[in-house]
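Each chain gets a letter, A, B and so on, in the order its sequence line appears, and its residues count up from 1.
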Amino acid sequence: MPHPDLFATLRARVLATLESLLPGADTAALARVEVSPTREEAHGDMATNAALVLAREAKRKPAELAAELAAALAAAPEIAAAAPAGPGFVNLRLHPAVLRGEISAILRAGESYGESGLGAGIPVNVEYVSANPTGPMHVGHCRGAVVGDALANLLARAGYAVTKEYYINDAGAQVDALAWAAYWRYLQALDTPLDEAAFDAQVPGGLQYRGDYLIAVGEALLARHGDRLAAPGAMPAGPAHWLATVRAAAVAAMMAAIREDLALLGVDPDVFTSERALVGSGAVDAVIARLGAAGLLYEGVLEPPKGRTPEDWEPRAQTLFRATQFGDDVDRPLRKSDGSNTYFANDIAYHADKLDRGFAHLIDVWGADHGGYVARLKAAVKALAGREGAFEVVLCQIVRVMRAGQPVKMSKRAGTYVTLRDLIDEVGRDAVRFTMLTRKSDAQMEFDLDAVMAQSRENPVFYVQYAHARARSVLRHAEAEWGAAAVAAAALAGADLGSLQSDAEMALIRRLIAWPRTVEAAAAAREPHRIAFFLYDLAADFHMLWNRGREDARMRFLIADRPEETSARLALVAATAIVVRSGLGVLGVTPVEEMR
RNA sequence: GCGCCCUUAGCUCAGUCGGAUAGAGCGACAGCCUUCUAAGCUGUGGGUCGGGGGUUCGAAUCCCUCAGGGCGCGCCA
């Protein structure tokens, strides 16, 4: 059972008071009542907007209502003082003992402090990364991987039953192109007399994926199959002779490499789903039949896009899905003019499959270049699920990689792109993950290699890790001095915390008690970056308190001849370490014990 | 041409379903190490929140409009 959030407790107190003050108040207005932290300590510990949101319906002046509410709230057991303020806020000052009591609660709960019942165990599927298995992961994949992973952790913390999923796009033309490229490396391993230009001319659409990473695949094919994939008479052999074999081997090799890269990043999906397997199972035809039976398909011809007609545009009859009935701008093709299925059809089948597996809610994390695709898939899932909101997309905007003040051109063919592995080798997993989470995902982001690589000391991740290391250091010193029993959470949870009174200590406590509501708000908004900023602020509060001890020996955490104060401060330090560790856990960043 | 995202301090970015005097880091300037890790702390300076209009008790936040940047726009995945 999650520990009740102190803000939720006070909000319940406010609502109960309103019930006696304004019986029968509008429930919609009551839902807008908030109890939130004050921006300035001088305003108190918490503030409520209750009088402001209810004044209109009650036909009362906000300030008057606030005064009445404040008077009534003053009697609540948690509240030391309640005062009307500003246009109609009520500022609440809590008894310090109530605030300090949260420290004990944190110590008893450990890292489960901040877990929430918000999600109510609803099964949620978070699909992210899903890089095409055509080469190593590069920086462009990184943001979605980190954001998706942190979001999954965050939702789990908020009480959802989360499954992390990776969709393998192994059914389209891209993997055939990969197979051709792998086959070229196979021929090279066979010492083919064919030159690259001559081979290129044989490949439908031209030879792609010329990077070195397929050489090993070609050699492995040679080792396993000898020259049996080549044909004596034809050079190269027709694809019917080798395509399926080479494609399977190449995709398997790419997925193995991607899983290694993901592991380096600390990403470990629960489920990998193969598009090819899905198509092979007949799921696509089944979902098309299902939509057809619902009267949502028709044969039709689309209008050309306005203002920018493709040069080779000609009207063609296709099977179209009535996406406009579900909020999209135009109806969308499920079958190409030659009768084969579009990628969209496969994607509908995939999302139908996720719904069929029992997920009540689907979240996809996509790159911004897929932004134009959101409306149609939302329409499709809405049609399938028969309800609104079963599916949402978190879009990650482009990461511009900068080096020496210049954008790095990303080209697979030229080999100038930065691989995920390179990046992690240079700056480390923790810095990559934290940096990717210090921006809203829907804002474009500049990833400055020089700043993160060369000046890594200034990266915010170290600031937060340092706070944790310092807290752990204090606990280690205390343990060395007085034994393990003195720093055990159970013992500290029972400590008399009355000596925690300074402004820096109380500021830290106020920050810590905001952790549960931060988790809930971030989860509800699908914004894991809020956790990174919370941790930064928490670290700042802790570093400030630390330095109080440098300036004034009486403010040090460990004072041998003052055991009560020391225990109280150890409790605060231990609670801080727990919340930092917990937050870093959401982000997938290591809570280091020491910085050396 | 249309759709979606973005525009906040010199730079990179936060800003809690609209809330009180808009914040942080970097950079600049001035200070703090015989003491639990100075990868830290304290102070100073720096903003017509892209422009304009509207909604309201209240707008960086919501709506309209204009400007600028990004992504995308039938049979690619």
Check every strand shown and say whether [X] touches a base, only sugar-phosphate, or nothing at a heavy-atom separation below 4.0 Å.
X        : result
A:Phe89  : base
A:Arg335 : nothing
A:Asp176 : nothing
A:Ala173 : sugar-phosphate
A:Tyr536 : sugar-phosphate
A:Met544 : sugar-phosphate
A:Ala85  : base
A:Arg556 : base
A:His529 : sugar-phosphate
A:Ser337 : base
A:Thr438 : sugar-phosphate
A:Ala375 : nothing
A:Leu558 : base

Handout entry: Axial cation check for A:Phe7 ring with A:Arg517, 6.0 Å and 45° limits
Key = yes
Does [X] pair with [Y] as a salt bridge, N-O distance under 4.0 Å?
X        : Y        : value
A:Arg276 : A:Asp170 : no
A:Arg548 : A:Glu505 : no
A:Glu479 : A:Arg476 : no
A:Glu34  : A:Arg11  : no

Could you tell me how far [M] sits from [N] if I compare only their [atom1] atoms? Round to whole Å.
N     : M     : atom1 : value
B:C66 : B:A24 : C1'   : 32 Å
B:U48 : B:A9  : C1'   : 13 Å
B:G51 : B:U56 : C1'   : 22 Å
B:G53 : B:A60 : P     : 14 Å

Exercise for the section: Side-chain contact test, heavy atoms from C-beta onward, threshold under 4.5 Å: evaluate it for A:Leu377 versus A:Phe391 and give yes or no. Expected result: yes
Practice task
For A:Ala47 and for A:Lys336, find the nucleotide of RNA chain B with the closest heavy atom, then tell me which residue's nucleotide is more 5'.
Solution key: A:Ala47
Exercise for the section: Please confirm whether any donor atom in the side chain of A:Asn49 sits under 3.5 Å from an acceptor in the base of B:A20, or the reverse. Expected result: no
Check every atom of [options] against the side chain of [X] and return the nucleotide holding the closest atom.
X        : options             : result
A:Glu40  : B:A38, B:G40, B:U21 : B:U21
A:Glu34  : B:C17, B:G40, B:G70 : B:C17
A:Arg439 : B:U16, B:U37, B:U12 : B:U12

Using atom types as modelled and distance alone, determine if a side-chain donor or acceptor of [X] lies under 3.5 Å from a backbone N or O of [Y].
X        : Y        : result
A:Glu593 : A:Ala469 : no
A:His543 : A:Tyr463 : yes
A:Thr38  : A:Gly44  : yes

What is the ring orientation for [X] with [Y], classed by angle as parallel under 30°, tilted 30 to 60°, or perpendicular over 60°?
X        : Y        : answer
A:Tyr373 : A:Tyr343 : tilted
A:Phe557 : A:Phe542 : parallel
A:His138 : A:His141 : tilted

N/O-N/O pairs, protein side and nucleotides 55-61 of chain B side, under 3.5 Å:
residue: B:U56; atom: O3'; partner: A:Arg56; partner atom: NH2; Å: 3.0
residue: B:C57; atom: OP1; partner: A:Arg56; partner atom: NH2; Å: 2.9

Identify the pairs formed between an N or O of the protein and an N or O of nucleotides 3-11 of chain B at a distance under 3.5 Å, and give each distance.
residue: B:C5; atom: O2'; partner: A:Asp442; partner atom: O; Å: 2.5

Fill in the blank from the handout: RNA chain B in dot-bracket form (Watson-Crick or G-U pairs under 3.5 Å, [ ] crossing, | inter-strand) is (((((((..((((.....[...)))).(((((.......))))).....(((((..]....))))))))))))....
